[in-house]
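In what follows, a single structure is set out as structure tokens and then discussed.
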Protein chains: 2
Amino acid sequence: MVRSRGRIDKRQAILDGAFTVFARQGYAQACVQEIADEAGVAKPTVYNHLSDKATLFRHAMQAAAQTALHQRLAALEPLADPGPDLRATLEQVGHHLLRLHTDDRSCALRRLLYSEITQFPDLLDIVTESGPHRLTQAMADRLARLTLAGRLRAPDPDQAAEQFMALLTGPLEARSRMGTRQIGDAELHEIARAAVGTFLTAFGPADGRTAD
Amino acid sequence: MVRSRGRIDKRQAILDGAFTVFARQGYAQACVQEIADEAGVAKPTVYNHLSDKATLFRHAMQAAAQTALHQRLAALEPLADPGPDLRATLEQVGHHLLRLHTDDRSCALRRLLYSEITQFPDLLDIVTESGPHRLTQAMADRLARLTLAGRLRAPDPDQAAEQFMALLTGPLEARSRMGTRQIGDAELHEIARAAVGTFLTAFGPADGRTAD
DNA sequence: CCGTTATTGAACTCATGGGTTCAAAATACT
DNA sequence: AGTATTTTGAACCCATGAGTTCAATAACGG
């Protein structure tokens, strides 16, 4: 059995394995030996790369948050140049965001953040500020542009973005039983459609209530 | 024989202290000795009332969820007979809900639920079903009545309730930094006003946008 | 090839904390 | 009063797991 013994590869493997195990067990219940196994690595190797369990946790969370943020920002792309059917584009983006939001790693990240926020207050600056906040900001930018273009009526884009995100993710929490139940694609579409419907009724152009 | 054990009913003190410590430390980090101290009781007394740490946790969570639910349901009362100014009543109820939602014990309850949901899947049935779900249900009932009375236009009261709650609590999560920052009453009022504004624009009576 | 460095497994130390035992003391019930 | 029950403190047992040590070994660079 020749395992790849590159030094760089191991660090990434360790961080990935760490997040997987933390996600499955929670911080306190996860033992370093299990993380080492998950990463296909010996326990001392873990301590060779990351000094202790806490920093291991921090780095694993940071990495997971980074990828989550990038995925979400990418999902906003269609709003940069929405086609003639703004409603359809919003629904597409909304649905994409919902899919990312219900992703296993995403749910685990939120759960871990919630649970360890008291023990690791610095996680907020690492994760949240690089997370939801920047996402809402980007969304607000899009909405501002759309308002300037006369396709929306959102004089306060920050508030509109905040509420659009709320309309999307709010109903999820209850329905997904806090992330323990996987939600079918059809239901996600339905939630996105309802969210966009309400959003456009409130912030759509003047003649808003048209067809659907 | 008679159920009054020892001097007072220590059981309640234990459950209260347990929730306090769990809220402060998280499940795994909380040690039973500390709970005993918090409750002003000896450690064996704790085990005398609750068989082990897990059931102690479950009962503490259940008790906390009960009170939280009752408080929230009570907050909906004004909607049973709203005065002539529906907007004002909605804002009042919304603000009240937000205050309860940002309450320390409430935040701790949500945090603990999120964090231990994998270790205690049964908590969902104990807490969530007795929590947000029943609250949204009650809200939907109110909205249905208001629609029948011609004061709203919410043909799907369940969805309207779901979205109203989302508009209220969604913006909170980001702003309160997941419950770590206390939000001033003024900001809560602002959030409630914005939520009700959007809600009424979407679900208000036909001549909606005028009323103020 | 050979020295350097990273990795490995296994065993070890040590602190923490769940849960129990027990005899003494406090309390409640009659 | 007297008896049954609970509470209490302290000590105890024991499992778990973080973090370390170390000698053997695999990879890598020259």
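Chain A is the first sequence line, chain B the second, and so forth, proteins listed ahead of strands; every chain is numbered from 1. Computed from heavy atoms alone, side chains included, the values below leave out hydrogens, waters and symmetry copies.
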Establish, with yes or no, whether the OP1 or OP2 oxygen of [N] is under 4.0 angstrom from a side-chain nitrogen or oxygen of [X].
X	N	value
B:H49	D:dT6	no
B:K10	C:dA28	no
A:K43	C:dC12	no

Roughly how many Å is it from [atom1] in [X] to [atom2] in [N], rounded to a whole number?
X	N	atom1	atom2	result
A:D37	C:dT7	CG	P	16 Å
A:Y47	C:dA10	OH	P	17 Å
B:D52	C:dG18	CG	C1'	9 Å
A:Q119	D:dA18	CD	P	15 Å
A:L56	D:dG19	CG	C1'	13 Å
A:Q29	C:dT16	CD	P	18 Å
A:Q33	C:dT7	CD	P	16 Å

Please report the closest heavy-atom contact between B:R151 and B:P82, naming both atoms and the distance.
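Heavy atoms of B:R151 and B:P82 come nearest at NH1-O, 3.8 Å.
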Non-hydrogen atoms of B:G94 and B:A192 that approach each other most closely:
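The answer is C-CB, 4.1 Å.
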For B:A30, report the nucleic acid contact type (base, sugar-phosphate, nothing); a contact means any heavy atom under 4.0 Å.
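Sugar-phosphate only.
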When we call it a touch if two heavy atoms are under 4.0 Å apart, what does A:A54 touch: a base, just sugar-phosphate, or nothing?
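No contact.
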Answer yes or no: is there a donor N or O on one side and an acceptor on the other, between the side chain of B:R72 and the main chain of B:L135, under 3.5 Å?
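No: the side chain of B:R72 does not pair with the backbone of B:L135.
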Among C:dT8, D:dG19, C:dT21, which nucleotide sits nearest the side chain of A:T45?
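Taking heavy atoms from C-beta onward, the closest nucleotide is C:dT8.
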If you check the B:N48 side chain, which of C:dG17, D:dT21, D:dT6 turns out closest?
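Nearest nucleotide to the side chain: D:dT6.
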Just checking B:R145: does its CZ atom have more than 12 heavy atoms from other residues, nucleotides or ligands closer to it than 6.0 angstrom?
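No - once you tally the heavy atoms of other residues, nucleotides and ligands closer than 6.0 Å, there are 12 at most.
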Determine, for B:Y27 and B:K53, whether the Lys NZ or Arg CZ falls below 6.0 Å from the six-membered ring centre while staying within 45 degrees of the axis.
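Judged by the rule, B:K53 and B:Y27 form a cation-pi pair.
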DNA chain D: 5'-proximal contact among B:A42 and A:K53 (nearest heavy atom)
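Upstream on the strand: B:A42.
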